[in-house]
Amino acid sequence: MEYNFREIESKWISFWKANGSYNVSENSPGEKYYVLDMFPYPSGAGLHVGHPLGYIASDVIARYKKLLGYNVLHPMGYDSFGLPAEQYAIQTGQHPAVTTNKNIERYRDQLDQLGFCYDWEREVRTSSPEYYKWTQWIFKQLFDCYYDKESKQAERISKLIEQFELTGNANVKAETEFDKTFSASDWKGFDNAKKETILQEYRLAYLAESWVNWCPELGTVLANDEVVNGKSERGGHPVLQKKMRQWSMRIKAYSERLLQGLNEIDWTDSLKEQQRNWIGKSVGCSVSFSLDNHDKKIEVFTTRPDTIYGVSFMVLAPEHPYVKEITTQNNTSAVKSYQESASKKSERDRQSDVKSISGVNTGAFAIHPLSGEKIEIWIADYVLASYGTGAVMAVPCGDQRDYDFAKHFGIAIKNIFKDIEIEEGAHTEKTGTLKGSDFLNNLTVSEGIKKAITVLEERGIGKGKTNYRLRDAVFSRQRYWGEPFPVYYENDIPKTVDDAQLPIELPKVDSYLPTKDGEPPLARADKSAWNHFEGDRMEFNTMPGWAGSSWYFLRYMDPKNLNEFVSKERSDYWGQVDLYIGGAEHATGHLLYARFWTKFLFDQGYISFDEPFKKLINQGMILGKSSFVYRLPDTNTFISKNKIEGQNVQAIHVDISLVENNHLNIDGFKNWRKEYRNATFIYEDDGAYICGDEVEKMSKSKYNVQTPDELIQKYGADTLRLYEMFLGPIEQSKPWDTKGISGVHNFLRKCWRLYCGPDGSSILQFQQEPKKASLKTLHKTIKKVREDLDRFSLNTCVSSFMIAVNEFTEQKCNDLEVMQQFLILLAPYAPHFCEELWMKIGKEEGTLFTAKYPVFDQSHLVEDSFDYPISFNGKMRFKANFSLSLSRDELQSQVEALELTKKWLDGKTPKKVIVVPGKIVNIVV
RNA sequence: GCGGAUGUGGUGAAAUUGGUAGACACGCUAGACUUAGGAUCUAGUGCCGUGAGGUGUGUGGGUUCGACUCCCUCCAUCCGCACCA
């Protein structure tokens, strides 16, 4: 009986389900291991072959670790709040929950077919009230905390209030933008509204008027990472800047810890770099410049305080608050019109137009804090209001933009670098020594920076300072299908509801659109629609997509806990995610937010680790391979690919299901579309029609979407699993190509024949003495597969399996002991296949994954001779077999005595002979 | 512009501390077998050359007995960030 994958796979899938084979318990023996996939958003389209790549990899690792005796947590769930379901709801009136559940069912079906060992008892869905109850609870904790810069962690807001009551806010070292001071008695005199307004300046989850990315098309605000090139990440709609009262997360407070934490985790350099870049730390110094004829001082931020004597002008952002007051009369109109045109320029224009230099002189002067010189103050849009202080001290000799600006407007450039020419451009490298800089003369850059900060601090002119580019994250969305906030308003003061009232469930609404007044959809719900209503009104916004995904990995540990988001006991047991697999597109979104929440929960003592994901692998994207047929213009005649030369043809996408190894299925093609029914073809010489191909992103319109379903139908899940792993290194992006899948399928069939005869029963026998060659093959494979899996080189394992099967076949190996061990090696990749054979060779049904992983034994690999490559000047010329017991000298003389050696020496005497026992002999001529 | 990654046959790719470049597959060529199959088996397959042999890991250089691997230069592709003071 041939390998009947359909029967086998459906049998084992139901067996595992019925027996709860993959349910995980905290009480099982073995060290814990937590393997996690990024949970999917269940879209209507279902999975294509690219999605499971990461899931298969994590499943292989999970099963491998299980076999090694680890207690493996390998859960799956759904990030089920999101825009598509809501937009579908707007169009059809169907509740998003209905669509979402339908999609989840389809996902589950597809996932089940692939034979994953998820513990479905632990499934989470971010949109289920049992889950978002705890998302709301975590929000409450964030609301109730501030970031203490002294203890460098989140603390309860009650502690802050205590300090306010004792000494006011003068001595408080907390993360805030609030710059006014008040005394204890001031505080006590404030009314509740005023107190809350101030507290909002400190809370980690806070309400504030802030500039937000507003997308009118989607009718909602977006986080910075959801905006790509000035357009929305989803849908590509234009995004504007708008000031709105919004919930935000004070992630900025964690900048430094988020940065430092990267050093402790095993992620790729590129991903860490992306996060470092996003956090954007720059160390420098703030310097305040007094103004000529004004009381005010302008503060600038610089990373190069050493160049302070090179300052020849100052530039403010057009939006800088002082511009209006300091501008002199005769410059007013120019300044005003510049400000106007700058404000009209969209962010996008400002970004794309980097080269042109523009700016206007305000006519005002600043006083150089050290030299006392008068310095012109300009405004220009290359200075950004949102970064630093919105003002820069311009050092044209050391900064290219300042240099260009000075040249353009004919401002003097002072050179403060010793022996360095700046005729051509600024000296931007951090090299050389200073001149014309008073106490900084002859110092190098790093010495100068240190010295400058010290002196500026001594004289009270400046202060060492670190800036981060990371912005606080906007946390409200004007949408329906998201977590409601556990917040109500009383006299416009936001208050959180009691824990006992959680979850605040999504109320029913008559429509999922905003109200006429532009309020979010939740404003449509009347009082009775809410399961809990308090105060004057509930919060109408909902949370963003990243709320639920910032902590889901914790819920898997304790998914049914009704009293806590996760018990301390459980989170202590499972700890960090040991291996996290998912796409790199979440670099500055999910992966940053999840780290932030983890650190917060750690600060508050709810969990004992402050980095969620110890190791992270980004699986590459699988691209589609489109197929083309070539039509002669205005005809129904199609020319095979190799016959089109010199012809004017029209390339047309053809559905890839009609193409096998670039051969077109002619009948299928004729039936594909009505207009092709009577198509005629010009074939290759061998009578086939060959299609062209191109690598593109998978998309419906290109007819290049490959669903796993079809392939499972055709070859089985085990083949697909092996094939996706065989394709190449997991991190690499690659085009999907079905070409090689038959090779992998044939491998499984060949392997099957090693175990089963034509009647389908086992042909293996117990041998007193296994063949040496077979033992060698087995142990070679054990070694290789273990090493490869331990470094996540999943593709090379498949090759090893193939080599082993080829060798076993050649050896006609029918040794029960050997073949049984091989089955365990292969099991993580082809679980159904191996379980079936495991049973056939006489093991108890379904016990494969409780088996002991084979142990590598070096003694089976010991050889007494070796085929030495003999090379001349590093080039291998021939091989010769020698005993491994030979000494270096013996080996050398035996090699020199060989006929072939003499031939290659061609009469010359070797200058030197390198002998590396067991490796190589190299003769230098 | 800055940062990161990647360049190896017709294709996907191997080569873990420098030691036989191209394992394993796909594809292709030739053959065997057969109630013609998307089956199985055998042989071959980097390039040039009939051959001996030469040559070959993006380019050019270097270190070394020996370099896909280490160092420097340049080029190309992909990804991320981008007037960040």
Side-chain angles (χ1 to χ4, degrees), chain A residues 2 229 268-278 280-282 284 300-304 307 315 317 350-357 380-384 386-395 398-402 404-405 467-469 584-585 587-588 618 621 660-663 693 714-715 723 726-729 731-747 749-750 753 784 787-788 790-791 793 795-803 806 867-879 910-916 918-925:
Chain A
E2 274 281 281
N229 290 331
T268 60
D269 286 339
S270 100
L271 202 69
K272 287 189 189 181
E273 256 335 281
Q274 276 183 59
Q275 290 212 346
R276 286 195 188 106
N277 214 315
W278 192 259
K281 179 179 184 173
S282 60
V300 301
F301 175 75
T302 177
T303 55
R304 296 290 304 274
T307 62
V315 187
R350 245 167 111 160
Q351 276 172 21
S352 55
D353 183 22
V354 195
K355 298 236 166 64
S356 67
I357 296 162
D381 64 6
Y382 82 82
V383 176
L384 305 175
S386 59
Y387 184 78
T389 59
V392 301
M393 57 178 223
V395 183
D399 181 288
Q400 194 56 44
R401 286 154 321 174
D402 296 347
D404 295 340
F405 194 86
N467 249 329
Y468 299 91
R469 208 170 337 188
E585 66 274 18
T588 50
N618 290 126
M621 211 201 324
E660 174 87 21
N661 287 346
N662 289 348
H663 287 63
D693 56 69
K714 222 163 166 181
Y715 300 100
Y723 183 57
F726 187 54
L727 229 41
E731 317 83 2
Q732 219 159 84
S733 282
K734 50 224 151 191
W736 177 260
D737 193 334
T738 323
K739 258 203 254 166
I741 199 165
S742 59
V744 174
H745 189 61
N746 288 342
F747 154 74
R749 296 159 57 104
K750 192 169 178 181
R753 289 197 297 271
K784 174 83 175 141
E787 282 171 3
D788 286 356
D790 287 340
R791 64 192 172 102
S793 173
N795 54 327
T796 49
C797 290
V798 182
S799 304
S800 312
F801 296 141
M802 289 174 169
I803 293 168
N806 289 345
D867 250 354
Y868 277 92
I870 312 298
S871 51
F872 292 77
N873 291 333
K875 277 207 187 307
M876 204 277 285
R877 293 305 180 181
F878 61 90
K879 281 185 196 171
K911 273 189 205 150
K912 197 176 175 186
V913 180
I914 313 280
V915 179
V916 185
K919 283 238 163 111
I920 199 168
V921 176
N922 188 22
I923 298 170
V924 186
V925 190

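Nothing here was measured: the structure is a model prediction, and the numbers come from that model. What's counted below: heavy atoms across the whole structure, side chains too, no hydrogens, waters or symmetry copies.
Applying the ring pair (Phe, Tyr, Trp, His ring centres under 6.0 Å) rule to A:Y868 yields the partners A:F866; only residues at least two apart in sequence or on another chain are considered. With sequence neighbours left out, the side-chain hydrogen bond (donor to acceptor under 3.5 Å, both in side chains) criterion links A:N746 to no other residue. Remark: A:K784 pairs with A:D788 by the side-chain hydrogen bond (donor to acceptor under 3.5 Å, both in side chains) rule, at least two apart or across chains. Take A:M802 and apply the side chain to side chain contact (heavy atoms under 4.5 Å, CB included) test, not counting sequence neighbours, and it matches A:F726, A:V744, A:F747, A:V798. Listed by chain and number, the residues in a ring pair (Phe, Tyr, Trp, His ring centres under 6.0 Å) with A:W278 amount to none (sequence neighbours excluded). Annotation: side chain to side chain contact (heavy atoms under 4.5 Å, CB included) contacts of A:N806 (sequence neighbours excluded): A:K750. Taking A:D867 as the reference, A:N881 meet the side-chain hydrogen bond (donor to acceptor under 3.5 Å, both in side chains) condition, with sequence neighbours excluded. With sequence neighbours left out, A:F405 forms a ring pair (Phe, Tyr, Trp, His ring centres under 6.0 Å) with A:F313, A:W378, A:Y382, A:F409.
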Could you go over nucleotides 52-55 of chain B and give all protein N or O partners under 3.5 Å, atom names and distances?
| residue | atom | partner | partner atom | Å |
| --- | --- | --- | --- | --- |
| B:G53 | OP1 | A:K903 | NZ | 3.0 |
| B:G54 | OP2 | A:R877 | NH1 | 3.1 |

Sub-3.5 Å pairs of nitrogen or oxygen atoms, protein against nucleotides 2-11 of chain B:
| residue | atom | partner | partner atom | Å |
| --- | --- | --- | --- | --- |
| B:G3 | O2' | A:E273 | OE1 | 3.4 |

Interface polar pairs with nucleotides 40-43 of chain B, N/O, under 3.5 angstrom:
| residue | atom | partner | partner atom | Å |
| --- | --- | --- | --- | --- |
| B:U40 | OP1 | A:N746 | OD1 | 3.4 |

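The strand RNA chain B forms stems, runs of 3 or more Watson-Crick or G-U wobble pairs with distances below 3.5 Å, at B:1-7 with B:75-81, B:10-12 with B:24-26, B:27-32 with B:40-45, B:46-48 with B:53-55, B:60-62 with B:70-72.
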